[in-house]
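Take a look at the structure set out below.
Below, each value reflects all heavy atoms present in this structure, side chains not excepted, and no hydrogens, waters or symmetry copies. Proteins come first, then strands; the chains are lettered A, B, ... in the order of their sequence lines, and each starts at number 1.
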Protein chains: 2
Amino acid sequence: MTLRSALLALLSSGPLTGYDLVKQFSSSVGHVWHAPDSQIYPELRRMHAEGLLSSKPVPWGTRGATKTEYALAPAGEAALIEWQNQPLTYVRDRDPARLRAAYFEWAPSGVAAAQLRAHIAHYDEQRLQTLYMIQALEQRTHPTLARRLALYSEEEREHIVRFKVFAYEGQLAHAEQEIAWAKRGLQILEDIENPGTSDPVNEPGT
Amino acid sequence: MTLRSALLALLSSGPLTGYDLVKQFSSSVGHVWHAPDSQIYPELRRMHAEGLLSSKPVPWGTRGATKTEYALAPAGEAALIEWQNQPLTYVRDRDPARLRAAYFEWAPSGVAAAQLRAHIAHYDEQRLQTLYMIQALEQRTHPTLARRLALYSEEEREHIVRFKVFAYEGQLAHAEQEIAWAKRGLQILEDIENPGTSDPVNEPGT
DNA sequence: AGAAAATAACTATCAACATAGCTATTTGGT
DNA sequence: ACCAAATAGCTATGTTGATAGTTATTTTCT
C-alpha cells in the first residue's frame, strides 16, 4: 500500500500520463520509495478502478493513438490525507551489509576489506546524488517540485521545500553514517592484520 | 537468497533442531536479517534437499516422536564462504518515514509532529535493545555466541566478537542518527508553527 | 523511401515475505 | 486420571516486488 501513497503524492503535483509518471517517479519520490514501472502501471489501473484517480485519454502522435492521463480524484486526495494520519509501521531490519559484517570470520583474507570499501563507494555515490537533489530542491529548479509549488502561496511553498529538504537530509545523514561505519570497520580489520601497530594516540599505555 | 546465508551463518555455531533454530534466529541473526518461522522451516528443507545441510532425527518426548536436527554439511560451509566472496547487492531505498516526511504538507496540523515523536520512540527502543546486545556480545554471555566461540582459539574468538560488535554498532549508529533526524524535524515544525520565535543563537541578526 | 534507434506503454512470471492459521506433545494443576 | 496451558513444529494463502520480456509509435539517419 505504500506504493499507492507514493503515487498519490506524486500526482498531487498535477496530472500525468502513465509514462511521464514513471519517469518523474524515478527522479523524485522514487528516491525515497523505489518502484519499477512494472509495478506502477498495474497499480495506477487499480487506483483508477477504485476511484482514487480520474483518467482521460490524450492524443499520442498523429495517427489517432491515445495515452491515458491520470489525475488525483477527490477520493485520492482524501486517501493522501488519510495516509498521513495513519501511524507509521516499521519494517523489521533486513540489512545485507550488517549481516555480512557480523560473519566476517568466514570471509577469506582481504575480502572483508574489499566489501567495506565497496560499501563506502556505494554510499559516497548516494551521498553525492542526495546533495544534488537537496540543491535542486532549495533552488526550486527540480521540475516536479516547481510544478507543485505553482499550486501554493509563497508561505506554503517555503514549508513544502523545507519538508522535502528535511526528508533528503535524513538520507544524507544515513549515507554519511554508513561511510563512517565502514571506515571504522576498515580500521578494525587493519588492527587484526597488523597487531601491535595500533595508533599510539588511542592506546597510549601500550 | 539472503535468508539462506543467515541460516548458514547461524548453523555455523553448531547443529540445531528446526524449533531451536527459529528461537535462536530471532535472538541473534534475526536482529540484522529478520525472518518469520514460516519462512525458515521450508527454507531449511530446501537447503537440506540441496545438500547444504545434513539432518538427523532426534527423539522428541517419550512416545517415540522425533524432530529434525540440522547441521552444516561441507557444501553448506562452502556456500557460507562463497556468500562472503560475492559482492554486496544493494536494495533500492524504500523508507516509509522519509516518504511521509517528504509530503508533510498533506498531514493535518499536529500529526506530523506526532509521527516524528513516534519515530523517536521507535528508535529509542531499538537503540536500547542494540546496546544490550552489544553488552551481551562483549561479555560473551550471549548463548549463541558462547556456543560459537567454543569452536575457536582465543585469538579467533576476539576477532569474532569484534566483528559482531562492529555490526551492531552500525545498527546503533543508525538508530541514533534517526533520532537526531526526527528531532531536527520537530524543530522545523515548531519554527513553522511559531514563526519569529526562532532561537536567537542561530539567527543573531533578526 | 526505408532501416535503425529512441520513445512510450504495457504484460508475464517468479521469488520473497507477511499473516494467519493448524496439529501434536509435554507440563502443571486438580 | 484428566484438563488447560505451554511448548514444539509446521502449512496455506495472498501480497509485494524483481526480472525480463513485448508491442506500438516517433525520430533520425542514409
Task: For B/Glu178, all residues meeting side-chain contact (heavy atoms from CB on, under 4.5 Å), sequence neighbours excluded - done: B/Arg98, B/His119, B/Tyr123, B/His174, B/Trp181
- [ ] Name all pairs fulfilling the ring-ring contact (aromatic ring centres under 6.0 Å, His included) condition that reach into residues 97-116 of chain A, sequence neighbours left out, sorted by first residue then second.
- [x] A/Phe104-B/Phe163
Open item on the list: Measure OH/A/Tyr90 against P/C/dA18 and give the value in whole Å, please.
Closed with: 17 Å
Open item on the list: How many whole angstroms separate atom CG of A/Leu3 from atom C1' of C/dC17?
Closed with: 17 Å
Extract all donor-acceptor atom pairs below 3.5 Å that involve side chains of residues 30-42 of chain A and protein atoms in other chains or at least two apart in sequence.
unit_1, atom_1, unit_2, atom_2, d
A/His31, ND1, A/Ser28, O, 3.4
A/His34, ND1, B/Arg92, NH1, 3.2

TODO: Determine, for B/Lys164 against A/Glu105, whether the closest basic-nitrogen to carboxylate-oxygen distance falls under 4.0 angstrom.
DONE: yes
Can you give the donor-acceptor pairs under 3.5 Å from side chains of residues 126-134 of chain B to other protein atoms, not counting sequence neighbours?
unit_1, atom_1, unit_2, atom_2, d
B/Arg127, NE, B/Glu176, OE2, 3.0
B/Gln129, NE2, B/Glu125, OE2, 3.0
B/Thr130, OG1, B/Gln126, O, 2.7

- [ ] Let me know the distance between CE of A/Met1 and P of C/dA18, rounded to the nearest Å.
- [x] 17 Å
Task: Atom-to-atom span, CG of A/Leu7 to C1' of D/dG17 - whole angstrom - done: 14 Å
Open item on the list: Near DNA chain D, counting only heavy atoms under 4.0 Å, which residues of residues 36-50 of chain A show up?
Closed with: A/Pro36, A/Ser38, A/Gln39
TODO: Grab the CZ-C1' distance between A/Arg4 and D/dT16 for me, whole Å please.
DONE: 13 Å
TODO: Ignoring the backbone of B/Thr68, work out which of D/dT16, D/dA8, D/dC10 is nearest its side chain.
DONE: D/dC10
Open item on the list: Nearest whole Å is fine: how far is C/dT7 P from A/Gln24 CD?
Closed with: 16 Å
TODO: Using whole Å, report how far CG of A/Leu21 lies from C1' of C/dC10.
DONE: 14 Å
- [ ] Just call it for A/Arg94: base, sugar-phosphate, or nothing, with non-hydrogen atoms closer than 4.0 Å on any strand.
- [x] sugar-phosphate
Task: For A/Arg147, side-chain hydrogen bond (donor to acceptor under 3.5 Å, both in side chains) partners two or more places apart - done: none
Task: Rounded distance (Å) that lies between atom P of D/dA8 and atom CD of B/Glu69 - done: 15 Å
